[in-house]
Asker: 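Below you'll find the structure I mean.
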Amino acid sequence: MRRLFSLAVLIAALFGGGVPLAGCEPPASSGPAAEVWQCPMHPKVVQDHPGDCPICGMRLVEIGQRDDEATAEPTATTGEVPGRATVVLDASRQQRIGLRTAPVVLDELRGGFTTSARVVADPDRVRKVSVKVGGTVERVTVDAVGRRVRRGTALFSLFSPDLQVAQDELLLALRTRDALGAAGAADPGTLVDAARRKLHLLDVPDSEIARIEAAREPLRTLTFTSPADGLVTARDVVEGDMLAPGDVPFEITGLESVWVLADARQSDLARVEPGQPAVLTVDAYPGRVWDGRVAVVEPALDAGSRTARIHIHLDNPDGVLLPDMFGRVALSGEPRSVLVIPVDAVLPAGTRDLVFVAAGEGRFAPRIVTLGVTEGDRVEVLAGLQAGEEVVTRANFLVDSESSLRSALSAME
């Protein structure tokens, strides 16, 4: 009970009405006007005769006369929302608390939304440069992650006994072919083709095989090259390293196309589907946009952010979009004509949404509404309001507090 009384005093102070302080009630007037004496420090303390403030002891100051009708307390009537009541506020009190309203209008929503996004590599364009034989790295040509390379760019040179044996087999096949040719016998070329194929299977480039055949002797090291154009996204080798079969000293990522990962909130999932147009912008290139389409909507929510991951595929012919760039994605939807109100007008009321509707003559009635999608500072209204009505957008928390208090007092009475 004491807590309820304290809340009543607070709301009364804000609205200039409500529950008066004990012993400080304004005088009941039998006529249209009466003298009014007020405390300079506690404006709520008023009486119809000189005296001292019962709170701070200051002498009351005469402020003139009052009209009982003009200074009537805000009133309330029971509304259709449980726990809320309709509040009546005159114009002066509305101005004092900064109350503002906005109309319910029929407007067009784009149906899309904007969200943050991150550029990642296209998994189909990631090339891992692995070795199929053991050996020692004698030279590393590309010495840093982030270097752009072309197909055929030298990466590292490897000395391997297994590669020496494979070279010897090719040279033996070549000598056999030459000997058969000198003897006038036809050479089907089977041995040479088999020896070349073995080197190919060990990922020895054609350029190195050509060097072996031209030199007619085994090369101490063979150079391995980039299998594609792209960016060096991983390097795990230095000169002198011993590599085993299956080791991956380099990773090359092609940038001709990239993926963009965006997050969709639960409330936005109904507006996302594969094939939907999407536009990416990044801070690195102001004014430039990349067009793409939604490829995948992951069928699971992140436990922390409660969002679903969206995959968007984009062409990146000039390679300016790099992995781990951040940007924003705008997803387009079909425009719809719907009722909208400002987001600021909505108050949470448990599992429901509440607004206060201006009912005329200073009356503000609580009303439960059903909302749809939110776009910017506007929200769609599915039920509860009609076009042309006015809803409170500023000071609605104060109005809601007064409404709750009035409802509680009415229930007690």
Side-chain angles (χ1 to χ4, degrees), residues 121-257 317 319 323:
D122 182 348
D124 293 334
R125 297 187 179 275
V126 176
R127 303 287 188 271
K128 293 185 180 295
V129 182
S130 60
V131 293
K132 296 183 172 62
V133 294
T136 303
V137 177
E138 295 204 349
R139 184 182 180 190
V140 178
T141 308
V142 176
D143 56 357
V145 172
R147 287 272 302 274
R148 291 181 181 269
V149 295
R150 306 288 296 178
R151 181 184 179 89
T153 300
L155 299 177
F156 64 97
S157 298
L158 184 70
F159 167 78
S160 169
D162 293 332
L163 292 178
Q164 294 294 316
V165 172
Q167 291 183 77
D168 290 338
E169 292 175 356
L170 174 59
L171 294 173
L172 177 60
L174 291 173
R175 288 195 295 269
T176 301
R177 185 190 63 182
D178 293 344
L180 291 174
D187 176 29
T190 305
L191 293 177
V192 174
D193 291 341
R196 288 172 178 165
R197 189 178 307 111
K198 181 175 181 178
L199 288 171
H200 281 143
L201 293 175
L202 296 177
D203 290 339
V204 177
D206 288 336
S207 58
E208 293 296 275
I209 296 176
R211 286 179 58 204
I212 297 169
E213 294 183 0
R216 290 301 177 109
E217 61 181 16
L219 304 178
R220 172 177 172 77
T221 62
L222 293 181
T223 301
F224 289 81
T225 61
S226 172
D229 297 346
L231 201 68
V232 177
T233 51
R235 171 181 178 266
D236 189 21
V237 64
V238 295
E239 293 182 2
D241 271 353
M242 293 289 295
L243 298 181
D247 285 350
V248 182
F250 280 94
E251 179 184 86
I252 309 298
T253 300
L255 297 177
E256 297 86 356
S257 66

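Values below: all heavy atoms of this structure, side chains included; hydrogens, waters and symmetry mates excluded.
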Asker: Dump the intermediate steps for side chain to side chain contact (heavy atoms under 4.5 Å, CB included) on Val137 and Leu158, then the final yes or no.
Answerer: CA-CA 5 Å; Val137 177; Leu158 184 70; 4.2 Å; yes
Asker: Would you indicate whether the side-chain heavy atoms of Leu172 and Leu191 approach each other to under 4.5 Å?
Answerer: no
Asker: Treating Gln164 as the side-chain partner and Thr221 as the backbone partner, does any N or O pair qualify as donor plus acceptor under 3.5 Å?
Answerer: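 No.
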Asker: Would Thr253 and Thr233 count as having a side-chain donor-acceptor pair, cut-off 3.5 Å?
Answerer: yes
Asker: Could you state the interatomic distance from CG (Leu171) to CD (Glu217), rounded to the nearest 0.5 Å?
Answerer: 8.5 Å
Asker: So, the side chain of Thr223 versus the backbone of Ser157: is there a donor-acceptor pair under 3.5 Å, distance only?
Answerer: no
Asker: Would one find more than 12 heavy atoms of other residues, nucleotides or ligands at under 6.0 Å from atom NZ of Lys128?
Answerer: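 Counting neighbours around NZ of Lys128, 12 or fewer heavy atoms of other residues, nucleotides or ligands fall under 6.0 Å, so no.
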Asker: Side chains of Glu208 and Thr225: does their closest heavy-atom pair fall under 4.5 Å?
Answerer: no
Asker: Answer yes or no: is there a donor N or O on one side and an acceptor on the other, between the side chain of Gln167 and the main chain of Leu219, under 3.5 Å?
Answerer: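 Yes; judged by distance alone, with no hydrogens or angles, the pair exists.
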Asker: How many angstroms lie between CG in Leu202 and CG in Leu222, if you round to the nearest 0.5 Å?
Answerer: 9.5 Å
Asker: Within a radius of less than 6.0 Å around CZ of Arg216, do more than 12 heavy atoms belonging to other residues, nucleotides or ligands occur?
Answerer: yes
Asker: Between Asp203 and Val131, does a side chain to side chain contact (heavy atoms under 4.5 Å, CB included) hold up when you go through it step by step?
Answerer: CA-CA 8 Å; Asp203 290 339; Val131 293; over 6 Å; no
Asker: When rounded to the nearest 0.5 angstrom, what is the spacing between CZ in Phe224 and CG in Leu155?
Answerer: 10.5 Å
Asker: With distance as the sole test, does Arg196 use its side chain to make a donor-acceptor pair with the main-chain N or O of Ile209 at under 3.5 Å?
Answerer: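 Such a contact is absent between Arg196 side chain and Ile209 backbone.
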Asker: Check Ser130 against Gly246 and note the closest heavy-atom contact, atom names and distance.
Answerer: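 Shortest heavy-atom contact: CB-O, 4.5 Å.
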Asker: Minimum heavy-atom separation for Leu199 and Ala166, please, with both atom names.
Answerer: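 So the two residues come closest at CD2-CB, 3.4 Å.
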Asker: For Phe156 versus Leu243, what's the shortest heavy-atom pair and its separation?
Answerer: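 That closest heavy-atom pairing would be CE1-CD1, 4.3 Å.
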Asker: Using the test side-chain hydrogen bond (donor to acceptor under 3.5 Å, both in side chains), find all partners of Ser257 that sit at least two apart in sequence or belong to another chain.
Answerer: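 With neighbours one apart ignored, the set is Asp122, Arg125.
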Asker: Could you give all pairs that pass the salt bridge (Lys or Arg N to Asp or Glu O under 4.0 Å) test and reach residues 161-172, with sequence neighbours left out?
Answerer: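 Checked against salt bridge (Lys or Arg N to Asp or Glu O under 4.0 Å) - neighbours excluded - the pairs reaching residues 161-172 are Glu169-Lys198.
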Asker: Distance from Thr141 atom OG1 to Glu239 atom CD, nearest 0.5 Å?
Answerer: 8.5 Å
Asker: Give me the atom names and distance for the closest heavy-atom approach of Asp229 to Arg151.
Answerer: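 Heavy atoms of Asp229 and Arg151 come nearest at OD1-N, 2.5 Å.
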Asker: What's the shortest heavy-atom distance between Val142 and Ala154, and which atoms?
Answerer: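 Closest pair (atom of Val142, atom of Ala154, distance): CG2-O, 3.5 Å.
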Asker: To the nearest 0.5 angstrom, please state how far the NZ atom of Lys132 sits from the CG atom of Leu163.
Answerer: 11.5 Å
Asker: Would the distance check show the side chain of Asp241 and the main-chain N or O of Val238 forming a donor-acceptor pair, the cut-off being under 3.5 Å?
Answerer: yes
Asker: Is the shortest heavy-atom distance from the side chain of Pro323 to the side chain of Leu255 under 4.5 Å?
Answerer: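 Contact flag for Pro323/Leu255 side chains = yes.
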Asker: Can you see which heavy atom on Val248 is nearest to which on Asp236, and at what distance?
Answerer: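 Taking every non-hydrogen atom into account, O-CB, 4.0 Å.
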Asker: Are any non-hydrogen side-chain atoms of Arg235 and Val140 less than 4.5 angstrom apart?
Answerer: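 In short, these two side chains touch, coming nearer than 4.5 Å.
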Asker: Whether the side chain of Arg148 engages the backbone of Leu231 through a donor-acceptor N/O pair (distance < 3.5 Å, no angle test) should be reported.
Answerer: no
